[in-house]
Colleague: 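Would you mind keeping the following structure in view while I ask a few things?
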Amino acid sequence: MAEHVSILKSEAEVDARIKLMGEQISREYAGKQIHLICVLKGGSFFMCELAKRITVPVSLDFMSVSSYGSDTKSSGVVKIVKDLDESIQGKDVLVVEDIIDSGRTLSYLMEMLRDRKPASLKLCTLLDKPSRRVVSVDVDYTGFQIPDEFVVGYGLDYDQRYRNLPYIGVISFD
C-alpha cells in the first residue's frame, strides 16, 4: 500500500500561528513563570517552537502517554510511559499537545495533573479535531481546528514516520 502526503497547513502558516499563540500566552501569563509540560513524542516540535515565542520565564518537563500504538485510531486505553521529573504543585502549568482527537487521552491526563495541585492548569494544542470528540476537553489555546483526516508532520507521525515534515500534511493510502 503506497502512502501519499498532501499539505494541509504550510510551514509558513504553522509558524505564523505559533507566533500569535506565543504572544497571547505571554500576555496572559505576564508577571508569572510558566511551566510547560510537553506530551511526547509529537508535542516536542510544537513545544520547542512555542517556548521560543513566549516572553515570560519558562520551565519545561515531559510526559509520554500512549493510546495509539501503530494504528491510526486511538485505542481508548491510556498508558503513562514516562511521568514528570518534578512536582507541579503550586506552578502555573500549560500542557502542550500536538493534537486532540477523541479527547480520551487529554481528559485522563488533565484530571491526573489537576490532582497534583498546580496553581493553574491550562491546555494548549497545535491541532484540534472537535468532530472526533467522545470525551469533553477544555482547550485554552488552539492552533488550528482541522477536519477528520489523519495528519502527519510537525511532530505528528504515522508509525513513527513523517514527524520531521515542516508542515502539517494529510496522509492517504493508495
Colleague: Inspect the contact between Asp85 and Lys82 and indicate whether a charged nitrogen and a carboxylate oxygen are less than 4.0 angstrom apart.
Modeller: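 Yes, Lys82 and Asp85 are salt-bridged.
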Colleague: Could you tell me the separation between the CZ atom of Phe62 and the CG atom of Asp83, rounded to the nearest 0.5 Å?
Modeller: 14.0 Å
Colleague: Taking side chain to side chain contact (heavy atoms under 4.5 Å, CB included) as the test, write out the residues that go with Pro166, two or more places apart.
Modeller: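 Side chain to side chain contact (heavy atoms under 4.5 Å, CB included) check on Pro166 returns Glu11.
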Colleague: Rounded at 0.5 Å granularity, tell me how far CZ in Phe46 sits from CG in Leu127.
Modeller: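 Phe46 CZ to Leu127 CG: 8.5 Å, rounded to 0.5 Å.
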Colleague: Show me, pair by pair, the donor-acceptor contacts under 3.5 angstrom made by side chains of residues 15-23, not counting sequence neighbours?
Modeller:
from	atom 1	to	atom 2	distance (Å)
Arg17	NE	Gly143	O	2.8
Arg17	NH2	Thr142	O	2.8
Lys19	NZ	Glu23	OE2	3.0

Colleague: Quick one, Glu149 and Leu8 - any side-chain contact, counting heavy atoms below 4.5 Å?
Modeller: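 Counting from C-beta outward, Glu149 and Leu8 never come under 4.5 Å.
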Colleague: For a side chain to side chain contact (heavy atoms under 4.5 Å, CB included) check, start with the C-alpha distance between Ile146 and Ile99, then their side-chain angles and the critical distance, and finish with the verdict.
Modeller: CA-CA 10 Å; Ile146 62 169; Ile99 189 167; 4.0 Å; yes
Colleague: Side-chain contact test, heavy atoms from C-beta onward, threshold under 4.5 Å: evaluate it for Tyr167 versus Lys9 and give yes or no.
Modeller: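 They are not in contact (no side-chain heavy atoms under 4.5 Å apart), so the answer is no.
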Colleague: If two hydrophobic side chains count as joined below 4.5 Å and joins carry through other members, does Val134 share a cluster with Val137?
Modeller: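 Not linked; separate clusters.
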Colleague: What pair of heavy atoms forms the shortest contact from Asp128 to Ile100, and how long is it?
Modeller: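 For Asp128 and Ile100, the tightest heavy-atom pair comes out as OD1-O, 3.5 Å.
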Colleague: In Å and rounded to the nearest 0.5 Å, what is the CZ to CD1 distance from Phe144 to Ile168?
Modeller: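 These two atoms lie 7.5 Å from each other.
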Colleague: Measure the CG-CG distance between Asp101 and Leu106 for me, rounded to the nearest 0.5 Å.
Modeller: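 Rounded to the nearest 0.5 Å, the CG-CG separation comes to 10.5 Å.
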Colleague: Partners of Asp140 by side chain to side chain contact (heavy atoms under 4.5 Å, CB included), sequence neighbours excluded?
Modeller: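 Side chain to side chain contact (heavy atoms under 4.5 Å, CB included) list for Asp140, sorted by chain: Lys122, Leu123.
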Colleague: Assigning hydrophobic clusters by single linkage (Ile, Leu, Val, Met, Phe, Trp, Tyr; side-chain heavy-atom cutoff under 4.5 Å), is Val135 placed with Val139?
Modeller: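 Val135 and Val139: separate clusters.
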Colleague: Going from CG on Leu109 to OG1 on Thr105, what distance comes out if it is rounded to the nearest 0.5 angstrom?
Modeller: 8.5 Å
Colleague: Can you list everything that forms a side-chain hydrogen bond (donor to acceptor under 3.5 Å, both in side chains) with Asp138? Sequence neighbours excluded, please.
Modeller: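 Checked Asp138 against side-chain hydrogen bond (donor to acceptor under 3.5 Å, both in side chains); zero matches.
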Colleague: What donor-acceptor contacts under 3.5 angstrom involve side-chain atoms of residues 28-37, with partners at least two apart or in another chain?
Modeller:
from	atom 1	to	atom 2	distance (Å)
Glu28	OE1	Tyr141	OH	2.5
Glu28	OE2	Gln24	NE2	3.1
Gln33	NE2	Ser59	OG	3.4
His35	ND1	Ser59	OG	2.6

Colleague: By the salt bridge (Lys or Arg N to Asp or Glu O under 4.0 Å) test, which pairs, at least two apart or in different chains, include something from residues 44-66?
Modeller: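 As it turns out, the salt bridge (Lys or Arg N to Asp or Glu O under 4.0 Å) pairs with a partner in residues 44-66, which skip direct neighbours, are Glu49-Lys52, Glu49-Arg53.
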Colleague: Can you give me the closest heavy-atom contact between Cys38 and Ser44, atom names plus distance?
Modeller: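 Looking at all heavy atoms of both residues, the shortest contact is SG-N, 3.3 Å.
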Colleague: Under the rule for side chain to side chain contact (heavy atoms under 4.5 Å, CB included), what residues qualify as partners of Tyr162, not counting sequence neighbours?
Modeller: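 So Tyr162 forms a side chain to side chain contact (heavy atoms under 4.5 Å, CB included) with Glu3, Val5, Val152, Tyr158, Leu165, Ile171.
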Colleague: According to side-chain hydrogen bond (donor to acceptor under 3.5 Å, both in side chains), who are the partners of Gln89, at least two apart in sequence or on a separate chain?
Modeller: none
Colleague: What residues form a side chain to side chain contact (heavy atoms under 4.5 Å, CB included) with Ser26, not counting sequence neighbours?
Modeller: Ile54, Thr55
Colleague: Mark yes or no for whether Arg116, through its side chain, and Ser87, through its backbone, hold a donor-acceptor pair below 3.5 Å.
Modeller: no
Colleague: Can you give me the closest heavy-atom contact between Val58 and Leu60, atom names plus distance?
Modeller: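 Looking at all heavy atoms of both residues, the shortest contact is CG1-CD2, 3.6 Å.
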Colleague: Side chains of Ile80 and Tyr108: closer than 4.5 Å at any heavy-atom pair?
Modeller: yes
Colleague: Taking the side chain as C-beta and beyond, is there a heavy-atom pair between Val96 and Val39 under 4.5 Å?
Modeller: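 When only atoms from C-beta onward are counted, Val39 and Val96 do not touch, as no gap falls below 4.5 Å.
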Colleague: Going by salt bridge (Lys or Arg N to Asp or Glu O under 4.0 Å), name the pairs with one or both residues in residues 88-100, residues two or more places apart or in two chains.
Modeller: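 Qualifying pairs, neighbours excluded: Glu86-Lys91.
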Colleague: Taking C-beta and beyond as the side chain, do Phe173 and His4 meet within less than 4.5 Å on heavy atoms?
Modeller: no
Colleague: Minimum heavy-atom separation for Pro118 to Val93, with atom names?
Modeller: CB-CG2, 3.8 Å
Colleague: Partners of Ser64 by side-chain hydrogen bond (donor to acceptor under 3.5 Å, both in side chains), sequence neighbours excluded?
Modeller: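 None.
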Colleague: Restricting to pairs with a member in residues 38-47, which pass salt bridge (Lys or Arg N to Asp or Glu O under 4.0 Å), not counting sequence neighbours?
Modeller: none
Colleague: With rounding to the nearest 0.5 Å, note down the distance linking CD1 in Ile25 to SG in Cys124.
Modeller: 4.5 Å
